[in-house]
Each structure stands twice: as structure tokens, then as C-alpha cells.
Amino acid sequence: MPTSCAAAGCAAVYNKSVNVSFHRFPLDPKRRKEWIRLVKRNNFVPGKHTFLCSKHFESSCFDLTGQTRRLRMDAVPTIFDFPKPMSRNLLKKKDAYTPEGVSNFKTNNKEVLLEHSYAFRSPMEAKKRIIKLEKEIASLRRRMKNCIQKERRATQRWIEMTCLIKNLKTNNILPGVTLDHILPNALRNLPFEDFKNILQEQQDHL
């Protein structure tokens with residue numbers, strides 16, 4: 001399971017290419033209790049592998065003198081995006097208590113969910129989606145790397161073949177028609193412009 005942030009509403013997941021660090025809850029009981037209080041999660045008990053990301057700390061909380069980003073001993077998380085409580089004026093609206101008002105609210109709520117089907121229902125669902133996308137990106141990068149390696153190997157083989165045919169012709173082992181006609185016909189339908197350029201240079205030097 002990837003390292004993720006325990007703050008409510010935070011979808012940060014560890015990624016070495018992103019400048020976000022993750023920090024365990026302190027072992028000191030007093031500081032640990034303060035962190036838990038600031039997180040404001042009901043019945044929350046952090047474990048050994050529970051982290052908060054660096055987005056929830058002020059810049060003054062970090063010691064940047066070494067090679068790694070470290071929290072200072074007195075650092076506490078203070079930056080959170082808690083959901084705002086509903087205004088009392090909205091709760092006192094008359095139509096909110098009528099059967100018609102409740103019915104309209106439910107209908108409108110369903111319409112919003114249908115219209116915005118791409119929205120995530122919970123931070124956990126968003127984290128799972130991010131993890132899935134990261135895996136897909138990693139897979140595509142591996143496939144792209146393999147394709148580049150295959151292309152390089154193919155380029156090297158064509159260069160070696162061209163040089164071999166040139167040497168055979170120079171030593172009168174192959175007739176001159178081979179290099180002038182057979183090889184260009186073989187390369188004509190291949191989408192390798194570099195190969196054709198190499199062959200043209202070989203022919204220009206003959």
C-alpha cells in the first residue's frame with residue numbers, strides 16, 4: 001500500500017517525482033496528542049505507518065540544513081482544508097422543512113450526481129483512482145522505453161547490414177545491382193527515414 005496522507009480530505013500519495021514529504025506522528029505523547037487534536041478526525045488513532053504530508057505544515061516547521069527535509073522538534077500541523085459548517089440561515093429556511101422542499105432537494109441532489117459522475121464520493125476513492133492512474137502511467141513508460149530500445153537495435157542492424165553489403169560489393173563478392181536496387185526496394189515501404197538517409201550516404205560515397 002503506498003504511503004498516503006491521513007489528513008481528512010487530503011489525497012496526497014507518495015511520489016518521488018513530487019516535492020511532497022511524509023512525516024510520521026511523533027512518539028512523544030504530548031506532541032502526538034496535539035497532532036491528533038489538530039487533525040480533527042473522530043475516533044482517530046494513528047498507527048506506526050500513519051503519516052501527514054508536508055502540505056499541512058508551515059515552511060518554518062522544516063529544517064532544511066541537511067540533505068533531506070526534516071521536521072523541527074516543535075513542529076505542529078496547522079494547514080488543513082476542513083469542510084465549512086452549514087450556515088444557520090440556510091438551516092432555518094422554511095422550504096427546507098416542508099415535504100416539497102425535501103423532495104426538491106433529493107431530486108436536485110440526484111441530478112447533480114448524474115451530471116457530475118466524474119466526481120469522487122470520498123477521499124479514499126480519489127486515492128484509489130490516483131494509484132490506478134500512476135500504475136497505468138508507469139506501464140506506458142515501460143512500453144515506450146521498450147519501443148525505443150527496439151528501434152535503436154533495429155537501426156543498428158540496418159546500419160551493419162548496409163556496411164556489410166557495401167564491403168561485399170567493394171570486394172566484388174556481390175554484383176553492383178544489389179546495393180543499387182535490391183536494398184532500396186527493401187527499405188522503400190519502411191517508415192525509417194534515418195535508414196534511407198544512411199543508405200543514400202553510402203551510395204553517394206561509392
Side-chain angles (χ1 to χ4, degrees), residues 1-91 96 102 105-151:
M1 184 69 181
T3 300
S4 59
C5 183
C10 183
V13 178
Y14 174 74
N15 188 334
K16 63 181 180 180
S17 62
V18 179
N19 188 26
V20 176
S21 57
F22 288 79
H23 308 275
R24 299 179 190 273
F25 278 67
L27 297 177
D28 178 70
K30 185 176 180 180
R31 291 185 60 218
R32 188 181 185 86
K33 184 177 180 179
E34 180 66 8
W35 279 38
I36 295 173
R37 184 186 68 81
L38 293 170
V39 168
K40 293 183 179 180
R41 288 181 56 180
N42 294 332
N43 302 320
F44 175 63
V45 179
K48 181 179 179 181
H49 302 289
T50 305
F51 299 85
L52 286 181
C53 72
S54 54
K55 296 180 181 180
H56 306 290
F57 297 88
E58 301 285 348
S59 57
S60 58
C61 294
F62 296 99
D63 180 4
L64 304 178
T65 56
Q67 296 182 351
T68 59
R69 178 189 292 170
R70 294 175 298 176
L71 281 177
R72 299 184 184 277
M73 292 299 297
D74 58 346
V76 290
T78 56
I79 304 175
F80 295 98
D81 187 16
F82 296 118
K84 295 181 180 180
M86 186 178 294
S87 172
R88 291 185 178 180
N89 293 330
L90 292 176
L91 294 175
V102 174
F105 173 77
K106 291 181 178 179
T107 302
N108 293 335
N109 192 33
K110 290 181 180 179
E111 291 176 354
V112 169
L113 289 176
L114 291 175
E115 181 180 357
H116 301 282
S117 59
Y118 54 82
F120 297 110
R121 298 178 182 274
S122 67
M124 185 58 65
E125 184 178 351
K127 289 182 180 180
K128 290 181 180 179
R129 179 60 176 167
I130 291 172
I131 293 171
K132 181 179 179 181
L133 291 175
E134 288 179 342
K135 290 181 179 179
E136 292 177 357
I137 292 172
S139 176
L140 290 174
R141 285 177 176 172
R142 287 193 297 269
R143 292 174 57 186
M144 182 175 66
K145 182 179 179 180
N146 291 336
C147 290
I148 293 174
Q149 291 175 347
K150 290 181 181 179
E151 182 179 355

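Residues C61 and V76 are not in side-chain contact: their nearest non-hydrogen atoms beyond the backbone lie 4.5 Å or more apart. Contact of the P123 side chain with the C10 side chain is not registered, since no non-hydrogen atoms from C-beta on lie closer than 4.5 Å. Counting only heavy atoms from C-beta outward, the side chains of S54 and F22 never approach each other to under 4.5 Å.
Side chain of S139 to backbone of E136: no donor-acceptor contact under 3.5 angstrom is found.
For H56, there are no side-chain hydrogen bond (donor to acceptor under 3.5 Å, both in side chains) partners at least two apart in sequence or on another chain. Residues that satisfy the side-chain hydrogen bond (donor to acceptor under 3.5 Å, both in side chains) test with N19, not counting sequence neighbours, are R69. N15 is linked by a side-chain contact (heavy atoms from CB on, under 4.5 Å) to S17, V18, E134, counting only residues two or more places apart in sequence or in another chain. With sequence neighbours excluded, the residues forming a ring pair (Phe, Tyr, Trp, His ring centres under 6.0 Å) with F44 are F25, listed by chain and number.
Of the inter-residue distances, the one linking L38 atom CG with I79 atom CD1 reads 12.0 Å to the nearest 0.5 angstrom. In this structure, the separation between OG on S59 and CG on L64 is 8.5 Å, given to the nearest 0.5 Å. Taking CZ of R141 as the start and CE of M144 as the end, the distance is 7.5 Å to the nearest 0.5 Å. Put simply, NE2 on H23 and SG on C5 are 10.0 Å apart, with the number rounded to the nearest 0.5 Å.
Counting only residues at least two apart or on different chains, the salt bridge (Lys or Arg N to Asp or Glu O under 4.0 Å) pairs with a member in residues 38-65 are D63-R70. Residue pairs meeting the salt bridge (Lys or Arg N to Asp or Glu O under 4.0 Å) criterion with at least one member in residues 12-35, sequence neighbours excluded: E34-R37.
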Evaluation steps, ring-ring contact (aromatic ring centres under 6.0 Å, His included), between F57 and W35: CA-CA 11 Å; F57 297 88; W35 279 38; 5.3 Å; yes
message: Could you go through Y14 and V20, starting from their C-alpha distance and side-chain angles, then the distance that decides it, and tell me whether this counts as side chain to side chain contact (heavy atoms under 4.5 Å, CB included)?
response: CA-CA 7 Å; Y14 174 74; V20 176; over 6 Å; no
- request: Go through the steps to decide whether L52 and V39 satisfy the test side chain to side chain contact (heavy atoms under 4.5 Å, CB included), and finish with yes or no.
  value: CA-CA 9 Å; L52 286 181; V39 168; 4.1 Å; yes
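For L27, the CG atom sits in a loose shell: 12 or fewer heavy atoms of surrounding residues, nucleotides or ligands are nearer than 6.0 Å.
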